[in-house]
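The shown structure was predicted, so the numbers you read here are calculated from the model rather than taken from an experiment. Chain naming here is simple, since letters A, B, ... match the order of the sequence lines and numbering starts at 1 in each.
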Amino acid sequence: MFAALSEKHEHKKVLPDLEGAENGVVMRFAPNPSGPLHIGHARAAALNDAYIKQYGGRYILRIEDTDPKRVDPEAYEMVVEDLKWLGLAITDTVTQSDRLHLYYLLCTQLIERNGAYVCTCDNEQFKELKNKKTACPCREQSVETNLVLWDKMLTHGFKEGEASVRIKTDLNNPDPAMRDFPAFRILDVPAHPKVIAHVYPLMNFSVVADDHLLGVTHVIRGKDHIANTRRQRYIYDHFGWKVPVYRHYGRMGIEGVVLSTSQMRLGINDGTYTGWDDIRLGTLRALARRGISPEAVKNAMLAIGIGDTDISFSWDNLYSENKKIVDPVANRYFFVPEPVTVQIEGAQPHTAHAMLHPSDTARGTRTLEFTGTVLIPKSEVSPDITMLRLKDLFNVKISWDNGMPSFTYAGDSLADARAAKAHIVQWLPAQATIPCTILTQEGEMVGACEPAVRSELGKVIQFERVGFVKIDAVGDAGVVAYYTHK
RNA sequence: GCUGCUAUAGUGUAGUCCGGCCAAUCAUGCGGGCCUUUCACGCCCGCGACUGGGGUUCGAAUCCCCAUAGCAGCACCA
């Protein structure tokens, strides 16, 4: 008995169980293709992914492009790329603009079931009636009339704004948002980039149609959809379909990056941002560029879970997850910020062997040839510092004369350096160094690094005493790196 | 305003359904120490929370009520 109890305590589930998931699940991630994916999307994407991996089943990517105003033709590809980067087990991909005929068909059936009607009321007028819990005249039309009007909608008999299809719900529902919400509308402009159409389903209709058609069993989405879930239930009831299991997680506040697609686009167009992967943006491609690994993103999202309380996203937690992944694999190099060139007196040429990774000796070393002149960080040259240890090399004594420092060799003994509490600093041979700029979200850090860093293009490395960076570009002019985190 | 939802340390999270294993878990952060030729990693120690007030009960983080706060929705967006 006690064993059972303690076991219960030790069995920490990563995520809470989903009801009715024992025999596998069908879940979906359903983004609007208006831009690349950002951290907010990653939560839904990762949560669904984790459950599908836990229970087995299918993972449907459903591109929800039923509003031509909010479709960026380039986003289709970006979304797929971003999900690929995240490493999700997507099994099916559907695009709603390919499926308009299905929605039309189901709409006809729904009208035949008397679950929907074509409303030709002025929008303001309808809203007024709705708020008074009063049916608009269109609601009383016969099924036959509705079918005629529906056909008229589809055959350009109405112009934009002149007619819509509404779902019959409960006009006495205390929440006005529930009362006879729209299911289809006419949009003459803009043209849809993927399909010729002018009658488009609204999200609540197309989502129900697809969730049912695709056999979706569980839906995990943000709580901004709670009202939609209630609306969608009316459609399920009209058709007599089985309703999926829903989970709505709370709002996630994310500070420090730009997330609004329109704001990002604006900034890119006016040159404020370099592109969708500008590191000031919260897109997944920006995180990737900064050296955040997809596993870290997923782990951080799973740690947040599906709670329905509002939370604030913690960059610290993400960085911590990323460090766990990156630290064991990142090679170490010297970066000297704001370098000053100093001549060391009294030292013979030395060859320093510095480990590529301190806890993985098998990875080998890099060699730095000392021939007399080195670069060291400017911050290490100040009157209150009298001794330094050049890491993996030797000790240096600094003496000050009239405010001018001079540097002399002070032995190889590490013990001496320790005894003197000397800083162990990164350095570079003056004859073997390349310029290096580290771009951070706040600005840039200029310095120099080991030439060998050029072979780490695209990888995350650690500049000792500085932090992890991703090597973004290498060239004759030097190296550009993005600061990942400490 | 109307309709709902939520409320555990700086942050995230477990526990809340079925009240006692909870003087509240784990992670992160912060402070200190050890290790170390990085201010990294690892290890050890510490800091820090049940929104407030009533009620029910032998007993409440857990149930009920009120208050407060936050959030969501109230689009011919998703």
Side-chain angles (χ1 to χ4, degrees), chain A residues 2 5-6 8-10 12-14 16 30-34 64-67 69-71 96 119 121 123 126-127 130-131 160-166 173-179 181-187 199-204 206-207 221-231 248 250-253 299-305 307-321 323-324 326-328 330 332-335 352 354-355 357-360 389-395 412 414-415 417-418 422-426 462-468 485-486:
Chain A
F2 286 109
L5 286 173
S6 64
K8 185 181 158 194
H9 268 269
E10 283 165 30
K12 285 263 149 94
K13 279 166 287 186
V14 181
N32 171 258
S34 56
E64 303 207 332
D65 58 346
T66 55
D67 182 1
K69 291 187 189 113
R70 299 194 11 163
V71 170
Q96 289 192 316
C119 178
C121 292
N123 199 21
F126 179 85
K127 195 181 279 181
K130 179 183 76 176
N131 289 337
E160 186 166 328
E162 288 182 347
S164 63
V165 175
R166 293 187 175 280
N173 191 305
D175 185 352
M178 293 302 125
R179 299 174 198 155
F181 60 88
F184 283 85
R185 53 34 167 122
I186 296 170
L187 242 40
V199 175
Y200 296 94
L202 272 321
M203 171 267 194
N204 281 309
S206 48
V207 161
R221 41 162 38 164
K223 76 179 191 183
D224 46 319
H225 285 297
I226 288 176
N228 288 323
T229 298
R230 284 200 283 266
R231 281 193 272 236
H248 297 98
R251 191 191 146 92
M252 181 164 78
N299 290 344
M301 293 304 157
L302 262 32
I304 289 168
D308 38 20
T309 58
D310 305 323
I311 57 140
S312 45
F313 173 78
S314 161
W315 290 99
D316 274 343
N317 290 351
L318 206 217
Y319 293 158
S320 167
E321 292 293 347
K323 205 183 273 185
K324 283 176 201 160
V326 127
D327 183 76
R332 270 56 174 175
Y333 293 96
F334 288 153
F335 169 83
M355 282 191 288
H357 196 287
S359 44
D360 185 3
R389 169 78 181 184
L390 302 184
K391 189 166 183 283
D392 300 303
L393 193 64
F394 51 59
N395 305 333
D412 293 342
L414 182 59
R418 286 244 170 85
H423 286 174
I424 298 171
V425 306
Q426 67 277 49
Q462 189 201 43
F463 279 139
E464 299 190 29
R465 296 175 81 223
V466 176
F468 293 92
H485 48 64
K486 197 172 153 229

Closest contact, heavy atoms only, [X] versus [Y]:
X: Glu464(A); Y: Gln426(A); result: O-NE2, 3.3 Å
X: His357(A); Y: Ala330(A); result: CD2-O, 3.3 Å
X: Arg389(A); Y: Asp412(A); result: NH1-O, 2.8 Å

Measure distances between side-chain N and O atoms of Arg251(A) and base N and O atoms of C71(B), and say whether any donor-acceptor pair falls under 3.5 Å.
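Checked by distance alone, the answer is no.
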Does Gln462(A) get its side chain close enough to the base of U38(B), under 3.5 Å, for a donor-acceptor pair?
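Yes, the side chain and the base share a sub-3.5 Å donor-acceptor pair.
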Would you call Asp67(A) and Arg185(A) a salt bridge, using N to O less than 4.0 angstrom?
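Salt bridge between Asp67(A) and Arg185(A), a charged N being under 4.0 Å from a carboxylate O: yes.
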Any Arg418(A) side-chain N or O less than 4.0 Å from OP1/OP2 of U37(B)
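Result: yes.
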Establish, with yes or no, whether the OP1 or OP2 oxygen of C77(B) is under 4.0 angstrom from a side-chain nitrogen or oxygen of Arg185(A).
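So the side chain of Arg185(A) is within the cut-off, an N or O lying under 4.0 Å from OP1 or OP2 of C77(B).
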G-U wobble or Watson-Crick pairing nucleotide for [N] (cut-off 3.5 Å, both distances):
N: C18(B); value: none
N: G29(B); value: C47(B)
N: G59(B); value: none
N: C2(B); value: G73(B)
N: G42(B); value: C34(B)

May I ask you to say what Asn32(A) touches in the nucleic acid, namely base, sugar-phosphate or nothing, with a heavy-atom cut-off under 4.0 Å?
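The residue Asn32(A) makes sugar-phosphate contact but no base contact.
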Give Phe468(A) one of three labels, base, sugar-phosphate or nothing, depending on what nucleic acid heavy atoms sit under 4.0 Å from its own.
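Contact class for Phe468(A): sugar-phosphate only.
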